[in-house]
Amino acid sequence: EPEVTQTPSHQVTQMGQEVILRCVPISNHLYFYWYRQILGQKVEFLVSFYNNEISEKSEIFDDQFSVERPDGSNFTLKIRSTKLEDSAMYFCASSASETQYFGPGTRLLVL
Amino acid sequence: GENVEQHPSTLSVQEGDSAVIKCTYSDSASNYFPWYKQELGKGPQLIIDIRSNVGEKKDQRIAVTLNKTAKHFSLHITETQPEDSAVYFCAAKGSTGTASKLTFGTGTRLQVTL
C-alpha cells in the first residue's frame, strides 16, 4: 500500500540554523500539507500546497517557513532560522481528494 | 476559524468493552470528519471518516456517528482489544476547497486493559 515517507526521522539543530524537512507524498496525490505537533499536544495545521503554490497557511507559518516541490516527487519544508519553540514533530500529509494520509513524521529538536 | 473539542482526554476500558469518544465542532460549514489513531512515535493513521451528508458509518468494530444539528460526532469502538490502545484524534475539515486544512481535537488516550 502506498504511503507518505519523511526524512530525516530525527533532526537536532542549533537555534538560528536552517533546517529542511523532506517528504515524498503518495505518487498520484496532488494536495500536500505540513502539520506540526508539539509534544503532548494536538496536531496543528501549517500549510497546504497545490499546483505549485500555497493554498492556505496558518498564523504559525510565518516568514521563517517556506515550502517547495523541487521535483516531481519531493515536498520540502524549510525553516530559515530555527527557534527553541520550533521543537516539535512535523508531519507531512498528502491527498487525492479530502482524505489526508500522514507520514511518520520528523522529530525536530532545537537547542 | 474552526474549533474542535474532544472528550475525554483519557479513557481506560477493559478488553472486550466498548469505548466512545466524542467531539464537537464550531463551524457549521465543516463537511468532512476523519478519525485518526496515533501510536507512540508514529504519524496519525486514518481509521474511519464521515461526510456531512451521512449520519453514521461502520467498519467492522469501529463506527462513527454525526449529528449536524448539534455539531457533534462520535467514535465507537466495540469489543476493544489491547492493540486498540493508542491516542485517537478527531478532526474537521472546512468546505472552502479540497485542500482545506484539518482542525484536530486535543486527542484521547485510550488504554485497553486485560
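Each chain gets a letter, A, B and so on, in the order the sequences are listed, and its residues count up from 1. Basis for what follows: all heavy atoms, side chains included, without hydrogens, waters or symmetry-related copies. No experiment lies behind these values; they were computed from the predicted model shown.
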Nearest heavy-atom contact between B:S74 and B:K22 is OG-CG, 3.6 Å
Which bit of A:S58 is near chain B, if near means a heavy-atom gap under 4.5 Å: side chain, backbone, both or neither? neither
Is A:F49 in contact with chain B via its backbone, its side chain, both, or neither, using a 4.5 Å heavy-atom distance? neither
Does A:F45 belong to the same Ile/Leu/Val/Met/Phe/Trp/Tyr cluster as A:L21, with side-chain heavy atoms less than 4.5 Å apart forming each link? no
Linking I/L/V/M/F/W/Y whenever their side-chain heavy atoms sit closer than 4.5 Å, directly or via other members, would B:L40 and B:F89 fall into one cluster? no
Using non-hydrogen atoms only, which part of B:R109 is less than 4.5 Å away from chain A: side chain, backbone, both, or neither? neither
Pick one of side chain, backbone, both or neither for B:Q6, based on which atoms fall under 4.5 Å of a heavy atom in chain A. neither
Ranking B:T103, B:D49, B:L102 by heavy-atom pairs under 4.5 Å to chain A gives rank one to B:L102
Under 4.5 Å from a heavy atom of chain A, the part of B:P34 involved: neither
State, with a plain yes or no, whether a side-chain heavy atom of B:W35 is found less than 4.5 Å away from one of B:C23. yes
Pair B:S26, B:E2: side-chain N/O donor-acceptor within cut-off below 3.5 Å: yes
Please confirm whether A:Y50 and A:Y31 have ring centers closer than 6.0 angstrom. yes
Is it the side chain or the backbone of A:E44 that comes within 4.5 Å of chain B heavy atoms, both, or neither? neither
